[in-house]
Amino acid sequence: GGLGFIAHPFERTSKYAGEPEINWESWDVSGFTGLSIWNYMSEFKSHVHTLVAALLAVYAPSAVICGPYLETLQKWDQLLLERPTPALCASDAHGATYHLGPLRRVVLPYGHLFRALSMHILTREPFNGQLGHDAALLYEALGQGHGFVAYDGIGSARGFRFQARSGVAEATMGQEISLHGEVAFEIQTPLQCDIRLANNGKVVAQARGTTLAFRSEIAGAYRVEAYRQHWLKPRGWIFSNPLYVRLS
């Protein structure tokens, strides 16, 4: 009855990381629930190629963190062509202390990580503080992809919305909607950003601002990506779970 998500499916390491690449290799596996599309620690260790880069990453991690690897997003889109595949993210928190001469530093402390990368979920009813009730809602949301990944460390994503309407039917992340003529998509973000709407991995609409509206007559797995400027560079901010448009 558990949920299985493939962790850090693609990894890159670098000289000062001191760790190997721990990639997922057996893609003929079946029965897993979904994919972890963004691992904060995995990405962090890919940026420490030199001593200067390592010091920058250690003391200002938001200066180097950019978003999910392209290979991971491409693999996710490939899996989505086969079946619904929910996504989540991971802090991969360790809070280890490292030494370099007189320098001593906790690398990626828990306080930073738990304010950085977040998994936002949508539940069909509120939590009530009872473990069994709340756990069931949590597992349902994660297992069905009712939610989105957000880098809250560069701006709170609370209030993000991704919805679709076709005829009298409505759907949001993780849900299916039947195609009746056309589907109207509505995307809202709480902050200014670059919004992209993709279908089966291909960008079909984009906008700069806090809203994007789009109409389509094509079925597929639609998902949203949003990017914000931080440290003079666009960073991945929001990655929604797909909304599935099916032929009626």
Side-chain angles (χ1 to χ4, degrees), residues 5-24 34-76 87-121 142 147-160 189-196 223-241:
F5 286 82
I6 293 179
H8 42 73
F10 297 94
E11 276 209 333
R12 303 170 190 163
T13 193
S14 48
K15 179 178 179 180
Y16 286 87
E19 291 187 5
E21 294 179 352
I22 311 172
N23 297 287
W24 187 267
L35 206 63
S36 176
I37 61 168
W38 191 355
N39 185 296
Y40 200 92
M41 184 64 173
S42 291
E43 186 192 351
F44 173 87
K45 71 183 188 182
S46 73
H47 294 298
V48 291
H49 296 284
T50 66
L51 178 58
V52 173
L55 290 173
L56 176 63
V58 166
Y59 284 92
S62 65
V64 299
I65 297 297
C66 292
Y69 294 142
L70 179 59
E71 302 99 306
T72 304
L73 295 178
Q74 289 174 337
K75 171 55 71 172
W76 186 27
L88 48 67
C89 61
S91 299
D92 206 344
H94 295 275
T97 301
Y98 290 83
H99 302 265
L100 179 63
L103 299 177
R104 181 178 182 274
R105 178 80 170 179
V106 177
V107 176
L108 299 182
Y110 294 110
H112 169 78
L113 284 174
F114 295 158
R115 290 191 300 268
L117 195 58
S118 308
M119 185 67 205
H120 295 248
I121 62 170
L142 292 176
F148 59 94
V149 170
Y151 188 6
D152 287 315
I154 62 171
S156 173
R158 186 178 179 85
F160 168 75
T189 63
L191 299 170
Q192 292 274 333
C193 62
D194 292 308
I195 307 170
R196 302 174 189 172
R223 60 179 185 81
V224 175
E225 298 180 4
Y227 296 82
R228 298 196 74 222
Q229 289 288 326
H230 185 71
W231 280 70
L232 304 177
K233 185 176 181 179
R235 314 282 175 163
W237 181 37
I238 294 172
F239 295 84
S240 79
N241 264 292

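Position 1 is the first residue of the sequence; numbering continues from there.
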If every non-hydrogen atom of [X] is compared with every non-hydrogen atom of [Y], which pair is closest and at what distance?
| X | Y | result |
| --- | --- | --- |
| H47 | S14 | N-OG, 4.1 Å |
| S36 | A7 | CB-CA, 4.0 Å |
| V48 | A17 | CG2-N, 3.6 Å |
| D92 | S42 | OD2-OG, 4.4 Å |
| V106 | G95 | CG1-O, 3.6 Å |
| S91 | L113 | OG-O, 3.7 Å |

Is [X] reaching over with its side chain to a backbone N or O of [Y], donor-acceptor style, under 3.5 angstrom?
| X | Y | result |
| --- | --- | --- |
| S240 | V224 | yes |
| E21 | T13 | yes |
| K45 | G18 | no |
| H8 | I22 | yes |
| R104 | Y98 | no |
| N241 | G147 | yes |
| D194 | A226 | no |

- Under the side-chain contact (heavy atoms from CB on, under 4.5 Å) criterion, do W237 and L191 qualify, and how do the steps go? CA-CA 10 Å; W237 181 37; L191 299 170; 3.6 Å; yes
- Stepwise, does the side-chain contact (heavy atoms from CB on, under 4.5 Å) test hold for L56 with V64? CA-CA 8 Å; L56 176 63; V64 299; 4.2 Å; yes
Would you compute the distance between atom [atom1] of [X] and atom [atom2] of [Y] and round it to the nearest 0.5 angstrom?
| X | Y | atom1 | atom2 | answer |
| --- | --- | --- | --- | --- |
| L88 | I6 | CG | CD1 | 11.0 Å |
| F44 | E19 | CZ | CD | 10.0 Å |
| Y59 | R105 | OH | CZ | 5.5 Å |
| L103 | L55 | CG | CG | 7.0 Å |

Would you say that [X] contacts [Y] through its side chain, given a criterion of any heavy-atom pair below 4.5 Å between the two side chains?
| X | Y | value |
| --- | --- | --- |
| I121 | L142 | yes |
| R158 | P190 | no |
| L73 | E225 | yes |
| Y69 | P9 | no |
| I37 | K75 | no |
| P61 | L108 | yes |

- Taking only Lys NZ, Arg NE, NH1 and NH2, and the carboxylate oxygens of Asp or Glu, determine whether E43 and R12 approach each other closer than 4.0 Å.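 Judged by the 4.0 Å cut-off on N to carboxylate O distance, E43 and R12 do not form a salt bridge.
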- Message: Could you check whether R196 makes a cation-pi contact with Y227, meaning its NZ or CZ is under 6.0 Å from the centre of the six-membered ring and within 45° of the ring axis?
- Response: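 R196 over Y227 ring: yes.
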- Return yes if a side-chain donor-acceptor contact under 3.5 Å exists between H230 and S62, otherwise no.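 Yes, S62 and H230 have a side-chain donor paired with an acceptor closer than 3.5 Å.
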- Residues H120 and D152: side-chain donor-acceptor under 3.5 angstrom: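 There is such a pair between these side chains.
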- I would like to know whether Y151 and W38 meet ring pair (Phe, Tyr, Trp, His ring centres under 6.0 Å); could you show each step before the answer? CA-CA 10 Å; Y151 188 6; W38 191 355; 5.6 Å; yes
- Task: Evaluate the criterion side-chain contact (heavy atoms from CB on, under 4.5 Å) for residue pair M119 and V149; output intermediate values, then yes/no.
- Result: CA-CA 5 Å; M119 185 67 205; V149 170; 3.8 Å; yes
- Under 6.0 Å between ring centres, would you say that holds for H112 and Y40?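 Here the rings of Y40 and H112 have centres that are less than 6.0 Å from each other.
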- Query: Do the ring centers of F148 and F160 come within less than 6.0 Å of each other?
  - Reply: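 Centroid separation for F148 and F160: below 6.0 Å.
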- Could you walk me through whether I65 and I154 pass the side-chain contact (heavy atoms from CB on, under 4.5 Å) test, one step at a time? CA-CA 10 Å; I65 297 297; I154 62 171; over 6 Å; no
